Chemist: 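What follows is a single structure, and I will ask about it in a moment.
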Amino acid sequence: MIRDEETIQALVATVERFVAERLRPLEAEVSETDQIPPDVVQDMREMGLFGLTIPEEFGGLGLTMEEEVRVMMALGRTSPAFRSVIGTTVGIGSQGIVFDGTPEQKAQWLPKLATGEIIASFALTEPGAGSDAASLRTTAIQDGDHYIVNGSKRYITNAPQAGVFTLMARTNPADKGAGGVSAFILDAKTPGISLGKPDKKMGQRGAHTCDVIFDNVRVPAANLIGGREGQGFKMAMRVLDKGRIHIAAVCVGVARRMLADALAYAAERQQFGQAIGDFQLVQAMLADSETELYAAECMVMDAARRRDDGRPVSTEAACCKLFASEMCGRVADRAVQIFGGAGYMAEYGIERFYRDVRILRLYEGTTQIQQMVIGRELQRMAKAGEI
């Protein structure tokens with residue numbers, strides 16, 4: 001399955017060194033300043049991290065899903081904000097073009113995304129449409145060889161840095177459901193686009209989100225992804241299936257980091273004349289975390305391999321996202337508990353991770369949305385006699 005095991009091992013090892021030597025020493029600074037240093041972003045470009053999922057013919061690395069999750073598990077072992085720098089370009093911002101773009105669209109945009117020359121954002125969520133993505137209200141009405149876009153998007157990751165948006169908009173206002181939604185490639189410099197104030201968030205300082213407002217924005221009809229209207233919602237769901245496996249891998253990486261920090265503290269911290277890690281109740285928290293981590297890692301690898309085999313993975317992707325993100329939250333909670341009072345203090349860093357990972361249960365589909373996806377598919381399979 002892996003095209004070249006030696007090559008992927010070398011890439012993972014390079015990312016692990018980058019995390020250990022470059023990113024971890026900057027975690028506190030990024031949290032304080034809410035900025036990732038430009039030279040770090042440039043290092044990511046030079047390492048090819050922006051092009052992990054872009055096909056090789058367009059200058060990317062063209063990783064398989066299994067290769068991608070292995071890299072994300074390595075990159076996840078630091079503050080999640082660092083992964084967010086490349087996350088939308090590697091994932092939901094570019095994959096619609098990869099999946100469904102015309103040859104001309106791919107040739108125009110993918111090489112720039114692969115090098116990190118431009119950063120992509122995924123403009124789907126709106127003030128009144130998040131989990132209910134099919135109800136979005138932003139419109140794109142055809143006017144000759146252009147579409148006129150009006151509306152607003154909310155909580156758009158990397159919008160302040162974006163060079164291009166993958167925009168979901170309603171091209172058929174008469175169709176209030178998913179069939180009226182289309183996808184566009186939108187140059188972020190297009191007149192009529194404005195950005196709201198950067199959001200103040202619970203965690204992940206250094207990863208920026210904001211509203212994006214479209215006021216009579218003229219988009220060339222040639223930028224309709226795939227050249228066909230009404231395909232946007234289907235494309236978004238395919239993109240999110242892949243993205244959910246990606247996010248689950250990030251959850252595994254971050255949880256692995258938190259558990260390592262908790263283990264180190266449990267070995268160092270003395271109470272009652274011995275290391276707290278010698279106490280069975282502390283060992284139980286460590287053991288539960290390792291057990292759940294192992295389960296999540298196995299799920300992610302299995303789903304990635306199924307996708308690489310060309311098998312449907314909507315259910316498996318939802319299972320991964322649900323379990324891994326909830327697992328990550330539980331590991332964060334146990335890590336704070338093991339640190340005790342120190343875990344509540346900013347200087348030890350674990351409270352930052354506690355805040356950072358909370359979003360993992362929300363974006364790219366909340367836990368409850370994953371449950372709905374899984375439940376509906378199970379019902380369908382039962383009715384079809386498949387289970």
Side-chain angles (χ1 to χ4, degrees), residues 36 41 44-45 48-55 58-63 65 68 71-72 75 80-102 105-126 130 133 136 138 149 153-169 181-190 193 195 199 204 207-212 214 217 219 223-226 231-247 249-250 359 363-365:
I36 293 176
V41 180
M44 291 179 170
R45 292 189 180 102
L49 294 183
F50 282 92
L52 293 177
T53 59
I54 305 296
F58 299 107
L61 299 182
L63 299 189
M65 191 76 243
E68 180 182 343
V71 172
M72 287 305 107
L75 187 58
F82 290 114
R83 196 279 322 177
S84 288
V85 173
I86 67 165
T88 51
T89 302
V90 165
I92 53 180
S94 71
Q95 293 304 285
I97 304 172
V98 172
F99 293 166
D100 296 330
T102 65
Q105 290 167 350
K106 292 178 180 180
Q108 180 179 356
W109 295 103
L110 293 183
K112 296 176 184 178
L113 294 172
T115 61
E117 176 185 343
I118 58 174
I119 290 175
S121 279
F122 187 61
L124 171 62
T125 301
E126 297 181 0
L136 61 84
T138 296
V149 178
K153 300 293 180 175
R154 177 153 290 177
Y155 310 139
I156 305 303
T157 303
N158 284 332
Q161 292 80 35
V164 64
F165 294 102
T166 298
L167 171 70
M168 311 301 295
V181 177
S182 301
F184 295 86
I185 305 166
L186 183 51
D187 189 323
K189 297 188 297 293
T190 306
I193 299 176
L195 303 180
D199 297 317
Q204 292 208 26
H208 302 136
T209 68
C210 70
D211 287 2
V212 184
F214 305 95
V217 177
V219 185
N223 286 24
L224 174 66
I225 294 180
Q231 303 302 304
F233 187 79
K234 293 179 182 178
M235 186 208 78
M237 294 304 101
R238 291 176 61 208
V239 168
L240 288 172
D241 279 348
K242 186 173 188 290
R244 286 165 180 168
I245 300 174
H246 173 110
I247 292 295
V250 174
I359 188 65
Y363 61 21
E364 298 204 25

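This is a predicted model, so every value here is computed, not measured. Quick note: residue numbers are just sequence positions, from 1.
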Chemist: Would one find more than 12 heavy atoms of other residues, nucleotides or ligands at under 6.0 Å from atom OH of Y155?
Modeler: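 Open.
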
Chemist: Test D100 against K234 for salt bridge (charged side-chain N to carboxylate O under 4.0 Å, His left out), laying out the working first.
Modeler: CA-CA 10 Å; D100 296 330; K234 293 179 182 178; over 6 Å; no

Chemist: Which heavy-atom pair separates G130 from T125 by the least distance, and what is that distance?
Modeler: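 Closest approach of G130 to T125: CA-CG2, 4.0 Å.
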
Chemist: If every non-hydrogen atom of L195 is compared with every non-hydrogen atom of P160, which pair is closest and at what distance?
Modeler: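 Minimum heavy-atom separation between L195 and P160: CD1-CA, 3.9 Å.
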
Chemist: Could you tell me whether the side chain of Q105 and the main chain of G226 form a donor-acceptor pair under 3.5 Å?
Modeler: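 Flag set: sc Q105 to bb G226 pair under 3.5 Å.
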
Chemist: Side chains of M235 and M168: does their closest heavy-atom pair fall under 4.5 Å?
Modeler: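 Yes, close enough: below the 4.5 Å cut-off.
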
Chemist: Can you check side-chain contact (heavy atoms from CB on, under 4.5 Å) on Y363 and I247, steps first, answer last?
Modeler: CA-CA 9 Å; Y363 61 21; I247 292 295; 3.8 Å; yes

Chemist: Side-chain contact, heavy-atom cut-off 4.5 Å: I97 with L110?
Modeler: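 With C-beta onward as the side chain, the pair touches.
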
Chemist: Would you say that more than 12 heavy atoms from the other residues, nucleotides or ligands in this model lie under 6.0 Å from the NZ of K106, or not?
Modeler: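 Buried by this count: over 12 neighbours within 6.0 Å.
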
Chemist: After noting the C-alpha distance and the side-chain angles of F214 and L186, does the key distance pass the side-chain contact (heavy atoms from CB on, under 4.5 Å) rule?
Modeler: CA-CA 11 Å; F214 305 95; L186 183 51; 3.4 Å; yes

Chemist: Dump the intermediate steps for side-chain contact (heavy atoms from CB on, under 4.5 Å) on L136 and F233, then the final yes or no.
Modeler: CA-CA 10 Å; L136 61 84; F233 187 79; over 6 Å; no

Chemist: Which pair of heavy atoms, one from Q204 and one from I359, lies closest together, and at what distance?
Modeler: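 Answer, listing the atom of Q204 first, then I359: NE2-CG2, 3.2 Å.
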
Chemist: I'd like to know whether D241 forms a side-chain contact (heavy atoms from CB on, under 4.5 Å) with R244, so could you lay out the CA-CA distance, the side-chain angles of the two residues, the decisive distance to 0.1 Å, and finally the verdict.
Modeler: CA-CA 5 Å; D241 279 348; R244 286 165 180 168; 4.2 Å; yes

Chemist: Once you round to the nearest 0.5 Å, how far does CH2 of W109 lie from OG1 of T166?
Modeler: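 It comes to 9.5 Å.
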
Chemist: If you take all heavy atoms of L113 and A120, which pair is closest and at what distance?
Modeler: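 The answer is CD2-CB, 3.7 Å.
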
Chemist: Ignoring hydrogens and geometry, is there a side-chain-to-backbone donor-acceptor pair from N158 to S121 under 3.5 Å?
Modeler: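 Side chain of N158 to backbone of S121: no pair is present.
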
Chemist: With rounding to the nearest 0.5 angstrom, report the CD to OG1 distance, E117 to T89.
Modeler: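 Answer rounded to 0.5 Å: 12.0 Å.
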
Chemist: Can you find a pair of side-chain heavy atoms, one from V41 and one from I36, that are under 4.5 Å apart?
Modeler: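 Side chain of V41 against side chain of I36, heavy atoms only: contact under 4.5 Å found.
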
Chemist: Would you give the length of the straight line joining atom CZ of F122 to atom OG1 of T88, rounded to the nearest 0.5 angstrom?
Modeler: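 Here the interatomic distance stands at 11.0 Å.
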
Chemist: For a quick check under 3.5 Å, do T53 and E68 share a side-chain donor-acceptor pair by atom type?
Modeler: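 No, no side-chain donor-acceptor contact under 3.5 Å.
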
Chemist: Hey, does I86 have a side-chain heavy atom less than 4.5 Å from the side chain of L75?
Modeler: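 Sidechains of I86 and L75: in contact.
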
Chemist: Could you check if a side-chain atom of L49 sits within less than 4.5 angstrom of a side-chain atom of V90, using non-hydrogen atoms only?
Modeler: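 When only atoms from C-beta onward are counted, V90 and L49 do not touch, as no gap falls below 4.5 Å.
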
Chemist: Would you indicate whether the side-chain heavy atoms of K153 and F165 approach each other to under 4.5 Å?
Modeler: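 When only atoms from C-beta onward are counted, K153 and F165 do not touch, as no gap falls below 4.5 Å.
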
Chemist: So, for F50 and T115, which heavy atoms are closest and what is the spacing to 0.1 Å?
Modeler: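 Here F50 and T115 meet closest at CB-C, 4.4 Å.
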
Chemist: I would like to know whether E126 and R154 meet salt bridge (charged side-chain N to carboxylate O under 4.0 Å, His left out); could you show each step before the answer?
Modeler: CA-CA 5 Å; E126 297 181 0; R154 177 153 290 177; over 6 Å; no

Chemist: In Å and rounded to the nearest 0.5 Å, what is the CE to CG distance from M72 to L52?
Modeler: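 Answer rounded to 0.5 Å: 5.0 Å.
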
Chemist: Would you give the length of the straight line joining atom OG of S94 to atom CD1 of I119, rounded to the nearest 0.5 angstrom?
Modeler: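 Spacing of OG (S94) from CD1 (I119) equals 12.0 Å.
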
Chemist: Quick one: closest heavy-atom pair of I193 and D187, and the distance?
Modeler: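 Scanning both residues, the minimum pair turns out to be CD1-O, 3.6 Å.
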
Chemist: NE2 of H208 to OG1 of T157: how many Å apart, nearest 0.5 Å?
Modeler: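 Going from the NE2 atom of H208 to the OG1 atom of T157 covers 11.0 Å.
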
Chemist: Kindly indicate whether the side chain of K112, heavy atoms from C-beta on, has any atom under 4.5 Å from the side chain of V164.
Modeler: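 Side-chain contact under 4.5 Å: no.
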
